[in-house]
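None of the values given here were measured: they were computed from a predicted structure.
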Amino acid sequence: MNANERKSEWRISVYSRLFALLFFIFFIACRKTIVSETIVEIDPVQQKYEQWIKRGRDSIPEILETLKVEQSTDFRIRTYAILAAGNLGDPRCAPVILDILKRDTNPAVIHSAVTALTDLNYTPALDYFLHLLDPGSPVAENADPVVIIENLGRMRDARSILPLFAAMQTDNMTVRLSAQNALVAFHSRALFSPAVELYRSNPGAFDKEIAAILGSTGDPAAGPILLEILRKKNSQGRAAAAESLGNLRYETAAADLLAALTEENPDRAYFLQHKCAKAAAVMNLPRFVAPLISFFDHRDPQIRLIAAEALSSMTVPGIAEAAMQKLSSGCIMCIIPSAVVLGAKKYMPASDLLMKVYQDSQGEEAFYAAQALGRIGDTGKISVLLEGLQKRRGPAARGAAWALGQMKSPQAQGPMIQMLKDGIKDERLKRQIAASLGEIGDPRSAPVLLSLSIVERMEMGDTAARSLAKLGGEDVFRYIDNNISGRDENERAFARLILIHYRNPAKINFMLALLRDSDLRTRRAAMAALRRNTGRDYGSEREWFSWAVAR
């Protein structure tokens, strides 16, 4: 680069920075006005919907009147009235909504009506749902088939099985997948015969879909057909068949699963091996152990991890001892898969060897060795991990932070807090320390995390929010209470993130009150918190309010 080019590049850089600075100043000057205008501007239709929901079933007469009279040509009023009726769960609304569904051509109204009628469990609507799904029907052109299919899957009425199989035969892959998922949701042996008929009449065309559906039936008679698909060349169909064979625990397929697991994989498409290993783990047969252990020194690291994950979930005796032997062999490639298995099995005899591996290794090997130590929980190794946290870098430091959090080490709290205060340059280590402080669980860590800038907290995202939710205490609750309906959108978003994971049954009334908030995102976060704190699983504000009254 000559002098003129360097000078030109310097000018561009300066002008770009100057423009960015002027834009920033302009943004700061206008921010209050922008925020004010955003807050003042309220959607009257959305506001009406909120009022209906807040009033509960007392608003049903008004909703019915809105639906019957259709006093406005604005389709949004009909859409929100229908959604409110479905949310409030009053069966009086169902015939009116079905009548609108049969007459209205607006897609938004159609989809809200289908959803509301499904919420109301109004089975007389099923025939019209199927009419909407029929591509030859004149009304079908205004309906999204995916919406209809998803709601048919929710209704799980046997009359929709054959139409769903027909929908699965379309060329539209989204519709095809939606129909498959809807059928799988039935978990019914009634799917067996139509699935086999489709498979036989269309060789090779629906292997993946049929394999998934047959696996969901729980019918052992599906085993031979699934084995037939596993022996084909289509890798996606084979992967689905492998998973379904595992779900059915069809032990006759063990040899074929091993063959598929060990075959060469030149295109690096690991989903077949992954599903075969998963099936082997579900079957939990001793004959799978040796082949899976032999993969620990496979040239491909993905295969090594697939084998380790499968062995970790198996309960066959001798797995930990075999992994220990691999780790002792000095094979570099065996370190990570061996550490994964030994940690999962909490195999205490491996603790000293894992500590030596951690001290002698760098990179991911050190990280996984530390993770295994954390899972085993040998408190005698805390001093080594603390030293690694403070003096080492990269994966070795992150692994130590993870392990100390897993061991809930109180000795680690002080050094971790100090590292946050000093400002950690390694963002991944900062995120791991935040997560580990949550695992340690001392509420005194919360003010330190909350003192980080909103930019830092949002960069850590769900990790920091989960940690603060675990820490709990008055500092965290006060932050949620002060910010979840505040003026700063970033603080509101972060408060919602904490609330989603928040666990404090004493604050259930606070969570219920948030169900009346005007922000849908806040209401959804409140419902997630209520599910976490009550063990109940309601999907609408109405159901939660009904539960609150009855409790």
Side-chain angles (χ1 to χ4, degrees), residues 153 164-165 168 173-174 176-196 198-200 202-265 267-289 291-292 295 298 300 302-316 337 340 344:
L164 285 171
F165 269 105
M168 199 174 70
M173 293 306 297
T174 304
R176 191 164 167 168
L177 179 61
S178 298
Q180 173 198 315
N181 291 337
L183 287 165
V184 167
F186 275 71
H187 294 290
S188 170
R189 293 195 178 192
L191 303 175
F192 180 80
S193 294
V196 173
L198 179 61
Y199 173 69
R200 294 299 182 200
N202 297 270
F206 298 98
D207 287 355
K208 178 174 74 72
E209 294 85 351
I210 296 301
I213 292 168
L214 288 176
S216 74
T217 64
D219 193 336
I225 298 170
L226 290 168
L227 191 52
E228 186 179 314
I229 296 173
L230 181 64
R231 290 170 177 169
K232 291 186 175 184
K233 293 183 178 180
N234 184 308
S235 57
Q236 290 190 348
R238 295 176 72 198
E243 183 171 23
S244 291
L245 286 163
N247 292 338
L248 293 174
R249 288 175 170 78
Y250 192 68
E251 295 185 9
T252 306
D256 288 272
L257 287 168
L258 278 173
L261 184 63
T262 55
E263 70 184 33
E264 286 298 315
N265 190 2
D267 59 354
R268 299 176 69 85
Y270 298 111
F271 53 90
L272 174 59
Q273 278 80 2
H274 176 72
K275 297 300 184 184
C276 288
K278 184 179 178 181
V282 172
M283 290 183 181
N284 199 37
L285 299 176
R287 64 188 297 183
F288 286 117
V289 174
L292 288 170
F295 291 158
H298 194 281
D300 197 310
Q302 188 73 21
I303 298 294
R304 299 200 292 265
L305 275 178
I306 287 171
E309 289 167 1
L311 287 164
S312 295
S313 62
M314 294 173 67
T315 57
V316 174
V340 168

Separation between [atom1] of [X] and [atom2] of [Y], rounded to the nearest 0.5 Å:
X      : Y      : atom1 : atom2 : result
Leu292 : Leu261 : CG    : CG    : 6.0 Å
Lys208 : Ser235 : NZ    : OG    : 11.0 Å
Cys276 : Leu230 : SG    : CG    : 6.0 Å
Met283 : Asn247 : CE    : CG    : 9.5 Å
Leu285 : Arg249 : CG    : CZ    : 10.0 Å

Which heavy atom of [X] sits nearest to which heavy atom of [Y], and what is that distance?
X      : Y      : answer
Tyr250 : Pro220 : CE1-O, 4.2 Å
Gly204 : Lys232 : N-NZ, 3.9 Å
Glu209 : Met168 : CB-SD, 3.7 Å
Leu227 : Ala253 : CD1-CB, 3.7 Å
Leu272 : Arg238 : CD2-NH1, 3.5 Å

Practice problem: For Arg304 and His298, indicate whether the former's side chain and the latter's backbone hold a donor-acceptor pair under 3.5 Å. | Solution: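 Here the side-chain-to-backbone pair exists.
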Practice problem: Indicate yes or no for a side-chain donor-acceptor contact from Asn202 to the backbone of Ala205 under 3.5 Å, with no hydrogens or angles considered. | Solution: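 No; zero donor-acceptor contacts below 3.5 Å.
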List, one per line, each side-chain donor-acceptor pair under 3.5 Å for residues 305-316, sequence neighbours excluded.
{"residue": "Ser312", "atom": "OG", "partner": "Ala308", "partner atom": "O", "Å": "2.7"}
{"residue": "Ser313", "atom": "OG", "partner": "Ala310", "partner atom": "O", "Å": "3.0"}
{"residue": "Thr315", "atom": "OG1", "partner": "Asn284", "partner atom": "ND2", "Å": "2.7"}

Quiz prompt | Qualifying residue for side-chain contact (heavy atoms from CB on, under 4.5 Å) with Leu245, from Leu214, Ile229, Val282, Leu226 | solution =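 One option only clears the test, and that one is Leu226.
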Exercise. Would you please name every residue forming a salt bridge (charged side-chain N to carboxylate O under 4.0 Å, His left out) with Lys278, sequence neighbours left out?
Key: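 Partners of Lys278 under the salt bridge (charged side-chain N to carboxylate O under 4.0 Å, His left out) test: Glu243.
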Self-check item: Test: Arg200 and Glu228 ion pair at under 4.0 Å
Solution: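 Result for this pair is yes, salt bridge flagged.
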Return a table of donor-acceptor pairs under 3.5 angstrom between the side chains of residues 180-196 and protein atoms on other chains or two or more places apart.
{"residue": "Asn181", "atom": "ND2", "partner": "Leu177", "partner atom": "O", "Å": "3.4"}
{"residue": "Ser188", "atom": "OG", "partner": "Ala190", "partner atom": "N", "Å": "3.0"}
{"residue": "Arg189", "atom": "NH2", "partner": "Gly218", "partner atom": "O", "Å": "3.1"}

